[in-house]
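Below is one structure, written out as structure tokens; comments come after it.
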Amino acid sequence: MNQMIERLLNEGSPAIAYRVKKEIKQEKLTPEEEQNYLDLIYAEPKVQMVLAWQNPDGYFGTRLHTAPSRSKVWTHEGCVRYLLEMGLTKEHEEVKKALAVMTCPGWGKECENSRAAQVIKYEMIRASLFAQAGYQNDEMISKWVDDALNGFRHIAEAERYEDIAYENKDHKFLFKGEKYIPVIYHLRILAFTESWRTKENLEMLRAAYNKLYQWLPLPPMYYKSKGHVIAPLGNICVPINQNFKEEYGFAWLHFYELSSRMGMLDIDSPFRQHFEAFKKSIFEYGDQAGELQIKKKDGYTGWSGYSGLALESQWRKPVQIMHDFLFRILLIEKYSGAEKRVVWK
């Protein structure tokens, strides 16, 4: 692990080196060191590209969640996520403006009057961004913390997934009544908040994670609104209970990082074995891991509500992919609490 840290400090992108210092090593940087890293991050071509998309009011582009057809501009949420992942905070002017504009009328743009917004509530997207930015007890977040816990509670209390969803005549699985399963935004909200972490809630989550491990992969599940079938926002139906695979790799890494932040990836978690297998394969392949594991890079380098993990500005060489993989491994290890034994029931 120390070798990985030193390598990323010496060879990784400015954002990776900065976050390794602050988040992994938890070093207190001098004002000069802090400013030097930030200057390098701001100078990154992709950061400059994203900042050029910000409107005077703080909004990035024209859409919150779905970019216009053939648009090369990321969505507002994708841009905010990217800047936060690059190491910028709610104290930096661009992020501050991007968050503030989401408290103004019309912040949802195309989402406000859509059928999906009425069913799924895009306020959850906003809450996830504010949570990642470090807000904890804001009213807009606490509502969705409860919503996230309820999603996991539906799983923990069910005997089988058919208790949560039923198959209709078109062979689509629709949620029963008020039941649903968590989506990626629920995971982000729990990952970046603390208020919910009681013994009772943690035990409930562990029970839900054990059920998930047994059930996954699940058939796609949908909400129903006035006769229309609507897919939820990135639900966790994919085979994240299996070893890393190219076709859903970025979703796999999202789930494992967020789960580690939630305390759900310690050494007794059933999912832990797949993270260990991922580490082993990366170390065995060395700098060729990027080429062997990833052929389709869009999910890693293009940022949206669902995708985006790359902090390296380019993925033209396997070594750049390797740096991002090593950083995510360090991050997952940092938050997993692997050294702490937790009883899984």
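Numbers here are sequence positions counted from 1. Keep in mind it's a predicted model, so treat the numbers as computed, not measured.
Judged by distance alone, the side chain of Asn168 and the main-chain N or O of Asp170 form a donor-acceptor pair under 3.5 Å. Remark: the backbone N or O of Ser304 is paired with a side-chain donor or acceptor of Arg81 at under 3.5 angstrom. Without hydrogens or angle criteria, Gln242 side chain to Pro239 main chain gives no donor-acceptor distance under 3.5 Å. For the pair Glu312 (side chain) and Gln320 (backbone), a donor-acceptor distance under 3.5 Å is absent. Put simply, the side chain of Asn55 never gets that close to the backbone of Gly58: no donor and acceptor are under 3.5 Å apart. Side-chain N or O atoms of Ser307 include none that pairs as donor or acceptor with a backbone N or O of Trp303 at under 3.5 Å. Between the side chain of His76 and the backbone N or O of Met102, no donor-acceptor pair lies under 3.5 Å.
Leu8 and Met1 fall within the same hydrophobic cluster, defined by Ile, Leu, Val, Met, Phe, Trp and Tyr side-chain heavy atoms under 4.5 Å apart, directly or through other members. Linking Ile, Leu, Val, Met, Phe, Trp and Tyr residues whenever their side-chain heavy atoms come within less than 4.5 Å places Phe283 and Leu331 in a single cluster. When the side chains of ILVMFWY residues are joined at heavy-atom separations under 4.5 Å, either directly or via intervening members, Phe173 and Val229 end up in two distinct hydrophobic clusters. Under a hydrophobic clustering in which Ile, Leu, Val, Met, Phe, Trp and Tyr are joined whenever their side-chain heavy atoms come within less than 4.5 Å, directly or via other members, Leu64 and Leu99 fall into the same cluster. Residues Tyr223 and Leu174 are members of separate hydrophobic clusters, defined by side-chain heavy-atom contacts under 4.5 angstrom among Ile, Leu, Val, Met, Phe, Trp and Tyr.
Taking each heavy atom of Tyr59 and Thr62 in turn, the nearest pair found is CE2-C, 4.2 Å. What you find for Leu84 and Leu129 is that their closest heavy atoms are CD1-O, 4.0 Å. Here the closest heavy-atom approach between residue Ile141 and residue Ala131 is recorded as CD1-N, 3.7 Å. Closest approach of Cys237 to Pro220, counting heavy atoms only: SG-CA, 4.3 Å. Shortest non-hydrogen contact noted between Val238 and Ala251 is CG2-CB, 4.5 Å. Summarising the geometry of Met140 relative to Ala127, their closest heavy-atom pair is O-CB, 3.5 Å, with the distance given to 0.1 Å.
Asn150 CG to Glu157 CD: the interatomic distance, rounded to the nearest 0.5 Å, is 9.0 Å. Summarising the geometry, atom OG belonging to Ser195 is positioned 9.0 Å from atom CG belonging to Asn201; distances are rounded to the nearest 0.5 Å. The CE atom of Met221 sits 12.0 Å away from the NZ atom of Lys179 when rounded to the nearest 0.5 Å. With rounding to the nearest 0.5 angstrom, the CD atom of Glu93 is 8.5 Å from the CD atom of Gln54. Between the CE atom in Met264 and the OG atom in Ser259 there is a gap of 8.5 Å [rounded to 0.5 Å]. Atom NZ of Lys334 and atom OG of Ser260 lie 11.0 Å apart (nearest 0.5 Å).
Residues Lys25 and Glu27 are paired through a salt bridge, judged by an N-O separation under 4.0 Å between the basic side chain and the carboxylate. At a threshold of 4.0 Å, the pair Arg328-Glu257 counts as salt-bridged, since one of the basic side-chain nitrogens sits closer than that to a carboxylate oxygen. Look at Arg126 and Glu77 and you find no salt bridge, because none of the NZ, NE, NH1 or NH2 atoms lies under 4.0 Å from a carboxylate O. At a threshold of 4.0 Å, the pair Lys143-Glu139 does not count as salt-bridged, since none of the basic side-chain nitrogens sits closer than that to a carboxylate oxygen. At a threshold of 4.0 Å, the pair Glu23-Arg261 counts as salt-bridged, since one of the basic side-chain nitrogens sits closer than that to a carboxylate oxygen. Salt bridge Arg206/Glu203: absent, no basic N to carboxylate O contact under 4.0 Å.
Note that Arg272 lies outside the cation-pi zone of Phe275, set by a 6.0 Å cut-off to the ring centre and a 45° limit from the axis. Cation-pi geometry between Lys90 and Tyr135 is met: under 6.0 angstrom from the ring centre, within 45 degrees of the axis.
Side chain to side chain, Asp39 and Gln35 meet the donor-acceptor criterion of an N or O pair below 3.5 Å. A donor-acceptor pair shorter than 3.5 Å can be found between the side chains of Asp147 and Tyr180. A side-chain donor-acceptor contact under 3.5 Å links Glu94 and Tyr42.
Counting only heavy atoms from C-beta outward, the side chains of Ile125 and His65 approach each other to under 4.5 Å. Counting heavy atoms from C-beta on, the side chains of Ile181 and Ile155 come closer than 4.5 Å. Taking 4.5 Å as the limit, some side-chain heavy atom of Pro14 sits within range of a side-chain heavy atom of Glu44. Counting heavy atoms from C-beta on, the side chains of Met204 and Leu149 come closer than 4.5 Å. Using a 4.5 Å heavy-atom cutoff, the side chains of Tyr335 and Leu330 are not in contact. With a 4.5 Å cut-off on side-chain heavy atoms, His154 and Glu178 do not count as touching. Taking 4.5 Å as the limit, every side-chain heavy atom of Pro270 sits out of range of all side-chain heavy atoms of Asn241. A 4.5 Å side-chain heavy-atom check between Phe278 and Leu253 finds at least one atom pair inside the cut-off.
Dense packing is recorded around CD of Gln48, with more than 12 heavy atoms of other residues, nucleotides or ligands lying under 6.0 Å away.
Taking the six-membered ring for Trp and thresholds of 30 and 60 degrees, Tyr256 and Trp252 have nearly parallel ring planes, at less than 30 degrees apart. Using cut-offs of 30° and 60° on the angle between ring planes, the pair Phe152 and Tyr209 is parallel. Relative orientation of the Phe325 and Trp315 rings is perpendicular, given thresholds of 30° and 60° on the angle between their planes.
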Worksheet item: Where do Tyr306 and Phe250 land on the ring pair (Phe, Tyr, Trp, His ring centres under 6.0 Å) test, with the steps shown first?
Response: CA-CA 9 Å; Tyr306 307 133; Phe250 64 87; 8.9 Å; no
Discussion item. For Lys46 and Gln314: C-alpha separation, side-chain torsions, deciding distance, then whether side-chain contact (heavy atoms from CB on, under 4.5 Å) applies.
Written reply: CA-CA 9 Å; Lys46 191 176 282 188; Gln314 296 179 341; over 6 Å; no
Discussion item. Run the salt bridge (charged side-chain N to carboxylate O under 4.0 Å, His left out) test on Glu162 and Lys176 for me, step by step, so that the C-alpha distance in whole Å, both residues' side-chain angles and the decisive distance to 0.1 Å come before the verdict.
Written reply: CA-CA 9 Å; Glu162 289 88 350; Lys176 292 182 175 179; over 6 Å; no
Practice prompt. Report the C-alpha separation of Gln214 and Asn210 in whole Å, then their side-chain angles, then the decisive distance to 0.1 Å, and conclude whether the side-chain hydrogen bond (donor to acceptor under 3.5 Å, both in side chains) test is met.
Written response: CA-CA 6 Å; Gln214 297 164 21; Asn210 273 331; 5.6 Å; no
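For the pairing with Tyr18, the side chain to side chain contact (heavy atoms under 4.5 Å, CB included) check across Leu9, Leu29, Leu40, Leu311 returns one residue only, Leu29. For the side chain to side chain contact (heavy atoms under 4.5 Å, CB included) with His323, the lone residue among Lys317, Met4, Glu11 that qualifies is Glu11.
The ring of Phe192 has its center no closer than 6.0 angstrom to the ring center of Phe130. When ring centroids are compared, Tyr185 and Trp144 stay outside the 6.0 Å threshold. Ring-centre distance between Phe175 and Tyr222: not below the 6.0 Å cut-off. Aromatic pair His274/Phe244: centroids not less than 6.0 angstrom apart. No close placement of the Trp74 and Phe60 rings is indicated, their centers lying 6.0 Å or farther apart.
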